[in-house]
Every structure is written in structure tokens, then in C-alpha cells.
Amino acid sequence: MARRKEPVISDSILDQLLAGSDAKTAFESNGLLDQLKKALAERALNAEMDHHLSGEATAGNSRNGYGRKTVLTDSGSLELSIPRDRQSSFDPQLLAKYQRRFPGFDEKIVSMYARGMSTREIVGHIQELYGIDVSPDLISAVTDAVLDEVATWQARPLEPVYPLVFFDALRVKIRDEGHVRNKAVHIALGVRGDGTKEILGLWIETNEGAKFWLRVMNELKNRGVEDILIAVVDGLKGFPEAINAVFAETTVQTCIVHLLRNSLDFASWKDRKDLARELKSIYGAIDDKAAETALTTFEGGFWGRKFPAVAQIWRRAWQEVIPFFAFPKDVRRIIYTTNAIEALNSKLRRAVRARGHFPSDDAATKLLYLVLNSSEKEWKMPPREWAMAKSQFSILFADRFQAARA
């Protein structure tokens with residue numbers, strides 16, 4: 001039988017705290033918990049003042065009464081008595097001179113923003129839950145602090161070698177010069193030599209082209225990336241050339257999932273299952289020659305004649321589809337799709353849908369970074385296929401893959 005875990009605060013102390021008060025009101029605004037928080041905060045501030053006055057630099061200084069400050073907490077507002085000194089040199093660590101929000105309050109705001117809530121929705125939510133009136137400007141100021149974190153994250157050093165990098169994009173509506181425009185947010189998901197995953201960066205761009213892709217590749221190189229074994233892209237024009245201009249040995253592979261989605265967009269819901277089954281004969285072929293034969297058969301068959309644009313999509317991307325067939329099944333399975341990137345796309349699209357459109361690039365960057373950061377913390381294990389795939393990588397890429405594991 002499991003032993004009962006002893007509470008951090010003993011029952012006798014709790015009885016003393018609750019003496020003469022209704023336990024039901026303990027969690028209410030200005031109830032017992034708020035009173036305890038106030039008492040502990042003021043005790044800590046006084047202890048800080050005692051320590052401050054004991055220092056040699058404050059010789060001759062002394063206490064000078066108290067000031068009043070109302071601070072916002074994660075459960076409401078508190079009015080605290082802040083000790084003062086005659087030299088006005090006291091700046092407490094718990095609550096700095098000009099700080100109006102208790103530790104933890106900003107994290108609540110950032111958490112709500114990361115879940116897709118707009119600035120005004122957060123204002124209303126805080127008022128409803130805690131009875132606190134805060135301005136939209138305060139919410140913006142708190143979330144803008146994330147941009148400094150984004151800048152540091154976007155410039156951080158990266159691994160020298162990534163066996164796999166998935167480049168993916170989603171469309172986001174952003175207000176720009178008085179008009180709401182569709183902009184592409186590009187995300188790079190890297191797989192390290194041990195199979196663990198890492199978001200390498202995100203980039204927002206209105207006009208995609210070879211110059212933009214070249215800038216992204218040079219940024220990755222300047223951050224320490226020396227080699228990418230396989231880059232999986234979504235077939236955008238100029239992308240493969242830009243990758244190979246910077247990483248000459250990289251195998252560029254069109255994302256099979258994107259090809260399938262683009263193909264199925266031409267079909268009605270009742271036809272998609274049958275069309276998907278027919279397309280599987282192409283990407284499931286044993287090698288590139290068998291795949292091209294399957295594509296030709298598809299073109300001349302019922303589904304190819306009903307949806308002629310589908311075969312054209314595959315033909316246009318064929319040079320970037322072919323590398324896929326040179327890999328064994330274990331590697332193909334990794335390239336074809338990963339649960340990580342599918343789950344990531346789902347979270348990003350859900351957050352974007354909740355917002356409708358963004359007032360600026362910065363607003364979109366803040367939200368998407370927070371979603372990416374939250375998702376990355378959930379990735380603890382490599383995909384189950386990696387154990388088999390890495391042995392294939394070590395043979396296919398030899399020293400280049402060994403450098404990724406160093």
C-alpha cells in the first residue's frame with residue numbers, strides 16, 4: 001500500500017490560517033490566498049530592504065516609510081506596501097521600481113496569445129476571469145517582448161550537418177500598406193544525426209523566387225550549416241537551384257505529400273479515395289523506371305483521362321520526384337511524411353484560422369514562433385523509422401552522414 005505523501009505545509013499550520021474564516025472564500029479575490037501572497041511579498045520586500053541597508057555602499061542610509069503600489073497578478077490585483085529608504089537607492093529584485101506586474105502575469109498573457117487569442121480577446125478574458133482592466137497596449141507590449149526572443153532564436157548557431165531538412169509553407173493573411181495580402185510563411189524542420197528534430201527558422205515573404213530562396217540558404221550557411229543530405233521541398237519554382245547553389249551535394253526531393261494533396265484538389269470528395277489509390281502505384285513503385293511506367297499507365301487510364309491536370313503536375317516535378325526511388329523503403333518512409341511535420345502544420349493552421357488575419361508581419365511572427373516553440377518542446381524521441389533509416393543513411397552517404405553524428 002502506497003504511503004500517504006506528507007504535505008509541504010502541515011495541517012496544523014493550515015488550521016491556524018483558516019481559523020475564523022470560511023474555507024469557501026479562500027480562493028476568491030482578496031481571499032486567503034491573495035492575503036497570503038500579499039503577506040509573503042511584503043515580507044520578502046522587507047527582507048530585501050534589510051539586506052540592502054546592511055551593505056557598505058549604503059552607510060548612513062535608513063528606512064523611510066512605505067509607498068503603495070498596485071500590481072497585477074495571475075489571480076487579480078494586489079496593493080502592496082513597498083519599503084522606501086532615505087537615499088532612494090533601493091530597487092527590489094522581487095518587484096522592480098517600475099514593474100507593475102507580478103512574476104507569472106506576463107507568462108499568462110503570452111500563453112493566451114500562443115493559443116491564438118487576439119489582443120482584445122485577451123483583454124476581455126483577463127477582465128472576465130480576474131476582474132482586472134488592462135489595456136490592449138499593455139498586451140501588445142508584453143507580447144512584443146517575444147520579438148527579441150525570436151531575433152535571438154533566428155540567429156542562433158545550427159548543427160554543421162543535417163541528414164534531412166523539410167521546407168514547408170503555409171499561407172497567412174497579413175495587413176500590409178492598408179491592404180490584406182496573402183503571404184507565405186516558410187518553415188525549415190531539420191532532422192539531426194540522432195533522429196531528433198529542430199525548427200531551423202521561419203521566414204515571411206510575399207514574393208517567392210530564386211533570390212528569396214538563395215537568401216534563406218545563405219542564412220543557414222552563415223549560421224553554421226555545412227551540409228544537408230536530403231532537402232524535401234514543395235516544388236516551388238527556383239527552390240532546387242537555390243539549394244544546390246549553396247549546398248552543392250544536397251539531394252533535392254519534391255515532397256510526395258504535397259504532390260498528392262495538389263493532385264487530390266482536382267477531385268471531388270467521392271473520387272479522392274479511388275484517385276489516391278491509383279497514384280500510390282506511382283510513388284510506391286520499386287524504382288524510377290517502374291514509376292514512370294506507372295505514370296504513363298495512369299495518364300492513359302480512366303482517372304488520368306478524367307483528371308488530366310494530375311499527370312501534368314507529376315510530369316512537371318518529375319526531376320525532383322526521381323531521387324525518391326533511389327532510396328530503400330526505410331528512408332522513403334521518412335522522406336514521404338513525418339508525424340512531426342504533419343502535427344506541426346495542423347497546429348499552425350489552427351492558430352492562424354483562429355486569428356483570421358494579422359495586423360503586421362511582426363504579429364504573425366510572434367504567434368507562429370510561440371506555436372513552434374511549444375511544439376518543439378514536445379519532441380522527445382526520434383521517429384520509430386529512424387533506427388532502420390540511419391543504417392541506410394550511413395551506407396548511402398558514408399562520411400557525410402558520419403559528420404552528422406559526430
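Remark: Trp153 CH2 to Glu376 CD distance equals 7.0 Å, nearest 0.5 Å. Rounding to the nearest 0.5 angstrom, the gap separating the NZ atom in Lys173 from the CZ atom in Arg353 is 13.5 Å. Remark: Phe167 CZ to Met217 CE distance equals 3.5 Å, nearest 0.5 Å. Expressed to the nearest 0.5 Å, how far CZ of Phe266 lies from CG of Leu275 amounts to 10.5 Å. For the atom pair Asp361 CG and Ile204 CD1, the distance stands at 4.5 Å (nearest 0.5 Å). Taking CG of Leu170 as the start and CG of Leu202 as the end, the distance is 10.0 Å to the nearest 0.5 Å.
Counting heavy atoms from C-beta on, the side chains of Ile199 and Leu344 come closer than 4.5 Å. Proximity of Val161 to Arg400: side-chain heavy atoms (C-beta onward) are nowhere separated by under 4.5 Å. Contact of the Trp303 side chain with the Val310 side chain is not registered, since no non-hydrogen atoms from C-beta on lie closer than 4.5 Å. Ile335 has its side chain out of reach of Ile256: every pair of non-hydrogen atoms, C-beta onward, lies at least 4.5 Å apart. The closest side-chain heavy-atom distance from Asn46 to Tyr66 is below 4.5 Å. A heavy-atom distance below 4.5 Å is found between the side chains of His258 and Asp168. The side-chain heavy atoms of Arg315 and Glu292, taken from C-beta on, include a pair separated by under 4.5 Å. Leu372 has its side chain within reach of Leu348: a pair of non-hydrogen atoms, C-beta onward, lies under 4.5 Å apart.
Minimum heavy-atom separation, Phe247 to Val225: CE2-O, 3.4 Å. Counting all heavy atoms, side chain and backbone alike, Pro163 lies closest to Trp386 at CB-CH2, 4.0 Å. Taking every heavy atom of both residues into account, Leu396 and Pro328 meet most closely at CD1-CD, 3.9 Å. Between Val252 and Pro323 the shortest heavy-atom distance is O-CG, 3.7 Å. Looking at every heavy atom in both residues, Ala188 comes nearest to Trp203 through CB-CZ3, 3.8 Å. Closest approach of Lys390 to Phe401, counting heavy atoms only: O-CE2, 3.5 Å.
A donor and an acceptor atom, one from each side chain of Arg68 and Ser81, are located under 3.5 Å apart.
One N or O on the side chain of Arg272 and one on the backbone of Leu264 form a donor-acceptor pair closer than 3.5 Å. Remark: the backbone N or O of Val233 is not paired with any side-chain donor or acceptor of Gln253 at under 3.5 angstrom. Remark: side-chain polar atoms of Arg305 are paired, donor with acceptor, to backbone N or O of Gly300 under 3.5 angstrom. In terms of modelled atom types and a separation under 3.5 Å, the side chain of Asn244 and the main chain of Thr250 share a donor-acceptor contact. Remark: the backbone N or O of Ile174 is not paired with any side-chain donor or acceptor of Arg181 at under 3.5 angstrom. No donor-acceptor pair under 3.5 Å is formed between the side chain of Ser374 and the backbone N or O of Leu370.
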Would Ser360 and Asp362 count as a side chain to side chain donor-acceptor pair (under 3.5 Å) if you check the C-alpha gap in whole Å, the side-chain angles of each, and the deciding distance to 0.1 Å? CA-CA 5 Å; Ser360 65; Asp362 281 349; 5.3 Å; no
Using the side-chain contact (heavy atoms from CB on, under 4.5 Å) rule, take Phe166 and Leu200 through it: C-alpha gap first, then chi angles, then the decisive distance, then the call. CA-CA 10 Å; Phe166 294 86; Leu200 307 186; over 6 Å; no
Would you check, one step at a time, whether the test side-chain contact (heavy atoms from CB on, under 4.5 Å) holds for Leu368 with Val352? CA-CA 8 Å; Leu368 295 171; Val352 168; 4.0 Å; yes
Go through it in stages, so that I can follow the logic: the residues are Glu205 and Val216, the test is side-chain contact (heavy atoms from CB on, under 4.5 Å), and I'd like the CA-CA distance, side-chain angles, deciding distance and then a yes or no. CA-CA 11 Å; Glu205 185 68 18; Val216 171; over 6 Å; no
Could you give the side-chain donor-acceptor pairs of residues 279-291 under 3.5 Å, partners two or more places apart or in another chain?
residue	atom	partner	partner atom	Å
Ser281	OG	Glu278	O	2.6
Asp287	OD1	Lys289	N	3.2
Asp287	OD1	Ala290	N	2.8

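The aromatic rings of Trp213 and His186 lie perpendicular to each other, with more than 60° between the two planes, well past the 30° mark. In this structure, Phe397 and Phe393 have parallel ring planes: the angle between them is below the 30° cut-off, well short of the 60° mark.
Remark: Lys221 NZ is packed, more than 12 non-hydrogen atoms of other residues, nucleotides or ligands lying under 6.0 Å away.
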